[in-house]
Amino acid sequence: MRRFLSAGRFLFFLLLLSGVSGWLPALAQTEADSIEAPPPPKRELRGMWIATVENIDWPNQRGQAPEQYRRDYRRLLDAGQRAGLNAVFVQIRPASDAFYKSDLEPWSKWLTGVQGKAPAGGDDPLPFLITEAHRRGMEFHAWFNPYRATMDSVTRRLAANHPYRQHPQWFLRYGGQLLYNPGLPEVRTHITRVIMDVVRRYDIDAVHFDDYFYPYPDPGKVFHDEAAFRDFNPDSLKKLGDWRRQNVNILIHDLHDSIQSAKRWVKFGISPFGVWMNKSKDFPQGSDTRAGQPSYSNLYADTRLWLEKGWIDYVVPQLYWSTNFRLCPYPVLVKWWAENHFDRHLYIGHGTYRMLESTRSDTTWRNPRELPRQIRTNRATDGEAVGSVFFSAKSVLTNPLHTTDSLRQDLFRYPALVPAMPWKDATPPLPVTNLTLRRLSHYVTLNWQSGPPAADGDAATYYVLYRFEPNEASSPNDPRRILALPRPAPGFPATYVDTTAVPGQAYAYYVTAVDRLHNESRPMRVITTGRQAAEVALGAAPGGVRPATPPVAAQPAPATPRPSIRLNAPADKPEASAPFSKVKIKEKPAKKKGFFARLFGGG
């Protein structure tokens, strides 16, 4: 992840006056939100990068015992969960090394202290990292750096099984580092093999690259790949830049196809440098910016082409500049990416680490309103920018300028589902079965089971539990009515205890199933009248497939229900002990009747 830049405010105001303001209706009221501001979107990716290189975020120190680095990782995830996040991007291969068991590359020194040394007790951290994220309702994006082999040029400390030991001809020295040569077919084969090894053996949700492809140019230094340009140029390209871009294109295209063939639900995403190309460099398709090192010309990463061809599923441009930075204003770049993501998902990378710095290069980041302003800018793009990712996790954990509090209390105050990707999977799972409700006093206990697999073989991965008063207008897109997003252990029924139900109040609960790629099923509904101290009711599909069982007296519950998800899994299942945070919601008077009519019909 790159850290840059210097400041200026004047251009920002000119941009507002010259038409960019049309993209920024949310910025007109940055000083205070309207009391009647709409709720956050129901679907929005909210993530953070967890950087392991140089122990930026995790592990806190090299060579920690597994028990300690597990505690530290849970602490990061808990902070993200409190802030309302639903995805983590964890760097598991920072420099041709591994935070997992690998026969292809050595253990990372940033994990154990010595490259090639295994963790104590033969621990493999990656299953734990994935499981803990899933327990908290977070996608796990496995973050790889494809071409970096070392952070310095000292080779004597490389492990015996480092690829440099067997294939020194694959590498070039540049900028004080050892780098893979992207022009060699054997290098692309090795990188693809390393990544596909993880895809096949671990339950990741996505493969993720950052901005490092060809190295950022170092003044006065030359990346000496002339021999590869001569020997591995089957199309006889004349320009070195075109050949370098082709090399990266081949890797991205082939890796996309390999991931899709192995596990169709695994996503592939890139987080490029925030400027693809400056329009001022005679690139009419570029952005109205003046960045010093655009990714197309300087890193040979044609992210726009990859989006246009459908080779990646999402893009997270690193827009680490503030709204007032004159060379690359945040609103200008959000607008450009919103117009150039070709219907693949666009999430925005925010430079929240800058709030922890004392730099004078971009002082707008010292304003606690800056991050909320950026998120509102994203949401003002009419659904083009559908998420935010923060660099890095430390800036979420430490709560600089109380911005994490702002996320939790305002912008991310309700849970969000990750946006679906219909080009990968548009088939929703089948509805839940055996939905039952038991009410004793103000405790309402709901139980249900997963339905059978859908036509594409997918079953439920997690569920959405909604709660409505019987006469209020209901919308499937209103996250204020989401009570929880339970994720029980696979194959086990789910239980939820609603401790916020008001005694004597009637409610209608809806439960939907959601698959691995976040397609949502039709609902099952169950109603409690609240007229009796004890009730039992059976669920039915809205529209009258089967009427809910009239309330009947129920036997007293054997134990006091707890306000948490109970997963009904064996104790040796890692998911079994996962708590699930509930959202307390404020009920508003309803104006008209109807349950999910627009999305689900009937009822």
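By the neighbour-count criterion of 12 heavy atoms within 6.0 Å, atom CZ of Arg74 is densely surrounded, having more than that number from other residues, nucleotides or ligands. Counting heavy atoms of neighbouring residues, nucleotides and ligands inside a 6.0 Å radius, atom CG of Asp203 exceeds 12 of them.
Side-chain contact check for Thr323 and Glu370: at least one donor-acceptor pair (N or O, by modelled atom type) lies under 3.5 Å. Between the side chains of Tyr314 and His208, at least one donor N or O sits under 3.5 Å from an acceptor N or O. Between the side chains of Asp498 and Tyr507, no donor N or O sits under 3.5 Å from an acceptor N or O. For Asp210 and Trp143, the side-chain atoms include at least one donor-acceptor pair closer than 3.5 Å.
Nearest heavy-atom pair across Arg516 and Ile204 is NH2-O, 3.2 Å. Pairing each heavy atom of Gly504 with each of Arg439, the nearest pair is N-NH2, 3.8 Å. Nearest heavy atom pair, residue Gly387 against residue Asn378, reads O-ND2, 4.0 Å. Closest non-hydrogen pair, Gly274 versus Leu333, comes out as O-CD2, 3.6 Å. Closest heavy-atom contact between Tyr414 and Pro40: CD1-CD, 3.6 Å. Considering every non-hydrogen atom in both Ser395 and Thr352, the closest pair reads OG-OG1, 2.6 Å.
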Query raised in the report: For Asp197 and Tyr100, what are the C-alpha separation, side-chain angles and deciding distance, and is it a side chain to side chain contact (heavy atoms under 4.5 Å, CB included)?
Result: CA-CA 11 Å; Asp197 175 58; Tyr100 56 91; 4.3 Å; yes
Requested in this report: Before giving the answer on side chain to side chain contact (heavy atoms under 4.5 Å, CB included), spell out for Phe128 and Tyr73 the whole-Å C-alpha distance, their side-chain angles and the decisive distance to 0.1 Å.
Outcome: CA-CA 10 Å; Phe128 165 81; Tyr73 180 74; 3.7 Å; yes
Query raised in the report: Going through the checks in order, is the side chain to side chain contact (heavy atoms under 4.5 Å, CB included) test met by Leu45 and Val316?
Result: CA-CA 11 Å; Leu45 184 130; Val316 195; over 6 Å; no
Report task. Kindly indicate, with the supporting measurements, whether the criterion side chain to side chain contact (heavy atoms under 4.5 Å, CB included) is fulfilled by Asp343 and Trp423. Result -> CA-CA 10 Å; Asp343 294 326; Trp423 59 90; 5.9 Å; no
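Looking at Lys424, its side chain does come within 3.5 Å of a backbone N or O of Arg264 through a donor-acceptor pair. Side-chain atoms of Arg43 come within 3.5 Å of backbone atoms of His518 as a donor-acceptor pair (strictly under, hydrogens ignored). Formation of a donor-acceptor pair under 3.5 Å by the Asp458 side chain with backbone atoms of Ala454 is not found in this model. Proximity of a side-chain donor or acceptor of Thr404 to a complementary backbone N or O of Val396 within less than 3.5 Å is detected. A distance-only check finds a donor-acceptor pair linking the side chain of Asn86 to the backbone of Ala416 [under 3.5 Å]. Checked by atom type and distance alone, the side chain of Trp49 never pairs as donor or acceptor with a backbone atom of Val389 at under 3.5 Å. With hydrogens and angles ignored, the 3.5 Å screen pairs a side-chain donor or acceptor of Arg413 with a backbone N or O of Asp410. Put simply, the side chain of Asp515 never gets that close to the backbone of Pro428: no donor and acceptor are under 3.5 Å apart. The backbone N or O of Leu346 sits nowhere less than 3.5 Å from a side-chain atom of Glu384 that would complete a donor-acceptor pair. Looking only at distances, a side-chain donor or acceptor of Asp313 sits under 3.5 Å from a matching main-chain atom of Phe268.
Here the options are Tyr347, Phe89, Phe209, the test is ring-ring contact (aromatic ring centres under 6.0 Å, His included), and the partner is His141; only Phe89 passes.
The existence of a salt bridge linking Glu132 and Arg70 is excluded, since no basic side-chain nitrogen approaches an acidic carboxylate oxygen closer than 4.0 Å. Comment: Asp405 engages Arg408 in a salt bridge, judged by a side-chain N to carboxylate O separation of less than 4.0 angstrom. A salt bridge links Lys335 with Glu339: at least one charged nitrogen is closer than 4.0 Å to a carboxylate oxygen.
Side chains of Phe99 and Tyr69 form no contact here, defined as non-hydrogen atoms less than 4.5 Å apart. By the 4.5 Å heavy-atom criterion applied to side chains, Lys267 and His345 are not counted as neighbours. Between Thr445 and Leu440, the closest side-chain pair of non-hydrogen atoms is not below 4.5 Å. The side-chain heavy atoms of Leu437 and Val444, taken from C-beta on, include a pair separated by under 4.5 Å.
With values rounded to the nearest 0.5 angstrom, Asn340 atom CG is found 8.5 Å from Leu307 atom CG. Taking CZ of Arg480 as the start and OH of Tyr466 as the end, the distance is 13.5 Å to the nearest 0.5 Å. Considering CG of Leu129 and CG of Leu76, their distance stands at 10.5 Å, rounded to 0.5 Å. Distance CG/Leu371 to OG/Ser388: 7.5 Å, rounded to 0.5 Å. The structure places OG1 of Thr131 at 9.0 Å from CG of Leu126, a figure rounded to the nearest 0.5 Å. Note that the NZ atom of Lys42 and the CG atom of Asn477 stand 6.0 Å from one another [nearest 0.5 Å].
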